[in-house]
Amino acid sequence: MKDKKIIFPKYFNVLIPAFQKAAMRAGGSAYLVGGCVRDLLLGIQHADTDITFVGDGLQFAHYLHNSLQGALTFHRQFQTATLRLESGLKIDIATARSEVYPSSGSLPVVSTGSLRQDLFRRDFTINALAISLNKKSFGELVDPFDGVTDLKNKLIKTPLDPAITFSDDPLRMMRAIRFASQLNFDIDADTFQAITDQKDRLKIVSHERITDELNKIILSPVPS
């Protein structure tokens with residue numbers, strides 16, 4: 001899969017020039033990240049587009065809106081924005097950031113960071129992937145945790161020590177099960193052991209977040 005050519009959806013033909021123009025005007029670098037990259041590599045159509053911008057993500061969103069129009073919403077406290085196009089496509093834009101959890105169960109301290117730092121905070125290796133949208137390096141895959149190999153092996157695995165990953169956000173344990181159900185993947189042995197060890201920490205997660213994940217598991221092809 002490492003040598004597999006990335007085939008973008010047809011609607012990207014219109015978006016790519018706008019991404020590149022906005023990135024140049026904002027003076028930074030734009031990357032397709034997370035689940036949409038995973039699904040591109042798996043040949044699955046992804047509903048939305050997630051972009052991480054190394055630089056001022058809100059400024060990038062502003063310039064992108066100038067090109068594509070649509071409805072733009074800023075979430076300044078999180079340094080993120082959402083652009084909804086008339087076609088129905090939703091583009092989520094986030095400034096590349098790092099997160100430090102000061103204590104177990106606390107909200108993270110967020111600061112701007114590099115692309116690598118942004119990928120470090122992801123839940124699983126198959127989601128810690130990025131594709132360059134920039135003119136000079138367009139299509140280049142960034143894969144610091146060898147997530148492509150885990151995609152090939154159909155394996156759910158955390159990029160860092162699973163005890164740390166799940167301690168930072170216990171809902172990730174349910175997400176591991178959800179991805180295994182949706183994609184028919186196996187869960188890495190160490191990752192599964194950490195879920196077993198930390199399952200009681202789900203008590204600190206809101207009922208709304210748990211219900212959302214549970215519904216997605218139930219709607220997967222093989223919920224069991």
Side-chain angles (χ1 to χ4, degrees), residues 4-99 108 110-119 121-123 126-143 147 175 178-179 182 208-209 212-213 215-216 219:
K4 181 178 178 180
K5 183 179 179 180
I6 298 170
I7 301 175
F8 290 93
K10 289 183 178 179
Y11 64 79
F12 254 65
N13 293 334
V14 176
L15 298 178
I16 289 167
F19 291 149
Q20 294 176 347
K21 180 181 178 181
M24 289 181 64
R25 292 191 68 186
S29 303
Y31 296 86
L32 201 64
V33 293
C36 51
V37 176
R38 177 197 69 228
D39 288 351
L40 271 177
L41 293 172
L42 290 174
I44 299 172
Q45 185 172 357
H46 197 90
D48 300 316
T49 299
D50 295 302
I51 294 175
T52 286
F53 189 75
V54 182
D56 189 335
L58 300 186
Q59 191 175 46
F60 170 80
H62 169 72
Y63 289 132
L64 190 62
H65 177 245
N66 286 347
S67 294
L68 299 176
Q69 299 304 307
L72 178 63
T73 305
F74 289 111
H75 316 284
R76 296 185 185 279
Q77 67 272 37
F78 303 113
Q79 287 294 296
T80 63
T82 299
L83 178 61
R84 296 181 183 273
L85 305 182
E86 289 185 3
S87 64
L89 179 69
K90 179 166 72 79
I91 303 174
D92 288 317
I93 301 153
T95 299
R97 62 192 188 270
S98 63
E99 294 177 348
V110 179
S111 58
T112 57
S114 65
L115 176 65
R116 187 174 180 85
Q117 286 174 317
D118 193 87
L119 295 177
R121 67 181 182 82
R122 303 282 167 168
D123 50 6
I126 61 171
N127 293 332
L129 299 164
I131 296 174
S132 173
L133 298 173
N134 308 290
K135 199 166 186 178
K136 290 184 178 180
S137 57
F138 179 76
E140 181 180 295
L141 179 66
V142 183
D143 181 12
R175 285 171 59 83
R178 190 245 293 181
F179 285 127
Q182 287 180 330
E208 291 80 10
R209 296 181 74 204
D212 183 53
E213 285 299 324
N215 285 338
K216 290 175 181 177
L219 290 171

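- Asp118 and Ala96 make their closest contact through OD1-CA, 3.5 Å (heavy atoms, listed as atom of the first residue, atom of the second, distance).
- Note that the NE2 atom of His65 and the CG atom of Leu85 stand 9.0 Å from one another [nearest 0.5 Å].
- Looking only at side-chain heavy atoms (C-beta outward), Ile91 and Phe19 come within less than 4.5 Å of each other.
- Taking all atoms of both residues into account, the shortest heavy-atom contact from Leu119 to Ala128 is O-CB, 3.7 Å.
- Distance check: Phe138 CZ to Ile16 CD1 gives 3.5 Å after rounding to the nearest 0.5 Å.
- To the nearest 0.5 angstrom, Leu83 atom CG is 11.5 Å from Asp48 atom CG.
- How far CD1 of Ile44 is from CZ of Arg38: 7.0 Å, rounded to the nearest 0.5 Å.
- The CG atom of Leu15 lies 8.0 Å from the CG atom of Leu64; values are rounded to the nearest 0.5 Å.
- Summarising the local packing, NZ of Lys21 is surrounded by 12 or fewer heavy atoms from other residues, nucleotides or ligands at distances under 6.0 Å.
- Between the side chain of Asn13 and the main chain of Lys10, a donor-acceptor pair closer than 3.5 Å is present.
- Put simply, the side chain of Ser67 never gets that close to the backbone of Ala18: no donor and acceptor are under 3.5 Å apart.
- For CD of Gln77, the number of neighbouring non-hydrogen atoms (other residues, nucleotides, ligands) closer than 6.0 Å is greater than 12.
- Between Ala130 and Val33 the shortest heavy-atom distance is CB-CG1, 3.9 Å.
- Of the possible donor and acceptor atoms, one in the side chain of Asn134 sits under 3.5 Å from a partner among the backbone N and O of Ala30.
- Put simply, the side chain of Asp92 never gets that close to the backbone of Thr82: no donor and acceptor are under 3.5 Å apart.
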- Task: Could you give me the CA-CA distance, side-chain angles and deciding distance for Leu133 and Gln20, then say whether side chain to side chain contact (heavy atoms under 4.5 Å, CB included) is met?
- Result: CA-CA 7 Å; Leu133 298 173; Gln20 294 176 347; 5.5 Å; no

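- Residues Val37 and Tyr31 fail the side-chain proximity criterion, which asks for heavy atoms closer than 4.5 Å.
- The NE2 atom of His62 sits 7.0 Å away from atom CZ of Phe74, with the distance rounded to the nearest 0.5 Å.
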